[in-house]
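First comes the structure, then the notes that go with it.
Computed from a predicted model, the values in this text were never measured in an experiment. Every number for a ligand or one of its atoms is a count from 1 in the order of the listing.
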Amino acid sequence: MTQPRPIPIVACLAGDGIGPEVMAEAGRVIQAVSSLMGAPVRQVHLPFGGDAIDKHQHPFPPHVRAAVKASDAVLLGAVGGPRWDSAPRRPESGLLELRKELDTFANLRPVRHDGIDLMVVRELTGGLYFGEKMLTDSSAFDTCSYSREQIERVAQWAFRLARRRSGRVVSVDKANVLATSKLWRQVVTDLHAAEAPELQLTHELVDSFAMNLATRPGAYDVILTENLFGDILSDLAAAMGGGLGLAPSASIGLDGPGIFEPVHGSAPDIAGQGEANPVAMIRSVAMMFTYGLGRRDVGRAITAAVDEVLAEGLSTADQVHGGRAYATWEVGQAVCDALGHHATGSAEFADHPFGRVMARG
Ligand code: IPM
Ligand code: MN
């Protein structure tokens, strides 16, 4: 698709566990910005993950695949749960197929809370997740491979974000052991020299980096790393910054729709009780407007509204220490109410690479 649609289509994949509950609040916030800020969006709801296995015997059925490819952005709740542990296909495999299908190689996972301000840039469509695999009763293997091009394109995202932030990037690898990490370090070093010498680049080994991040999270800004390290380190980073209830993500490719989803999982233990924290999902909606739909003003307004609500201490149980724990819908409603204080009258459009641009006017 080359021409932006006047009203962008967002494929909403609520998924499993708390996914539908937090997706409902995302929908409310989208409605609110639609009327307050002139940012209308068409939401198309589709089954995904375990829910789609139940309905269509596949976590990412063909009709969902077609709808997602025709959309302008994908909003995702969460997938997985114990119910599908012994299913022939796991819900998570649908998520991996979705990422691969849209080639969303750059996974941006910001953490901003109480003086901590991190941006994990995780490579998302390579490495151990997607290499050749084998499993029998007596042996198994997973293959990790990376090409120069795969490393370059995600490193470019880290550099691009660092320019808008503090200018510092740490690249995390295991170059003392892994061949893929040796290549990773070389490619990032070369690209830095060629395209971003003004940025301050450092390299750290993943084990000691994990320790440093846990003890001195304030020392870092942009963290660039490969798929599996990024999976682990982004949970750690989220834990350092208020917990998974607050952490959003954006997964972006060269073109085509991006995927916007909370870092947290389906939390089956609290599903259906109205106590899940919708903030990670709502912040993912903000990232969708900024990076996926080119409406930075809307992304900024949603972010400010969330910050206001958090500052008031109006939070779900995971964030409350002492005071009353609010329900999922109450936090969502509070964000919608706060949007009135932050909605600006004039639309501000971002240009590529910050996503596609919504039709102007
Ligand atoms: C994440 C999740 C996924 C991943 C799982 C559900 C496949 O943990 O988005 O971080 O490992 O990438
Ligand atoms: Mn994870």
Can you tell me the protein heavy atom closest to atom 4 (C) of ligand 1 and the distance? Y129 OH, 3.4 Å
Can you confirm whether or not the ring centre of Y291 sits under 6.0 Å from the ring centre of F260? no
May I ask you to say whether R42 pairs ionically with D72, meaning some side-chain N is under 4.0 Å from a carboxylate O? no
Any heavy atom of V263 closer to ligand 1 than 4.0 angstrom? no
Distance under 6.0 Å and angle within 45° of ring axis: R122 vs Y129: yes
Flag D231 as yes if one of its N/O/S atoms falls below 2.8 Å of the Mn ion (ligand 2), otherwise no. yes
Measure from NZ or CZ of R324 to the centre of the six-membered ring of Y326 and say whether it is under 6.0 Å with the direction within 45° of the ring axis. yes
Counting only heavy atoms, tell me which of R109, E92, R99 gets closest to atom 3 (C) of ligand 1. R99
Can we say D307 and R283 salt-bridge, meaning some charged N sits less than 4.0 Å from an Asp/Glu carboxylate O? yes
Does ligand 1 come near enough to E261 that some N or O of the ligand is less than 3.5 Å from an N or O of the residue? no
Quick one: does ligand 1 sit under 4.0 Å from the side chain of H264, the backbone, both or neither, non-hydrogen atoms only? neither
Numbered in order shown, the ligand 1 atoms found under 4.0 Å of a heavy atom of D231 are 1 (C), 4 (C), 8 (O), 10 (O), 11 (O)
Do any N or O atoms from the side chain of R65 and from the backbone of E101 form a donor-acceptor pair under 3.5 angstrom? no
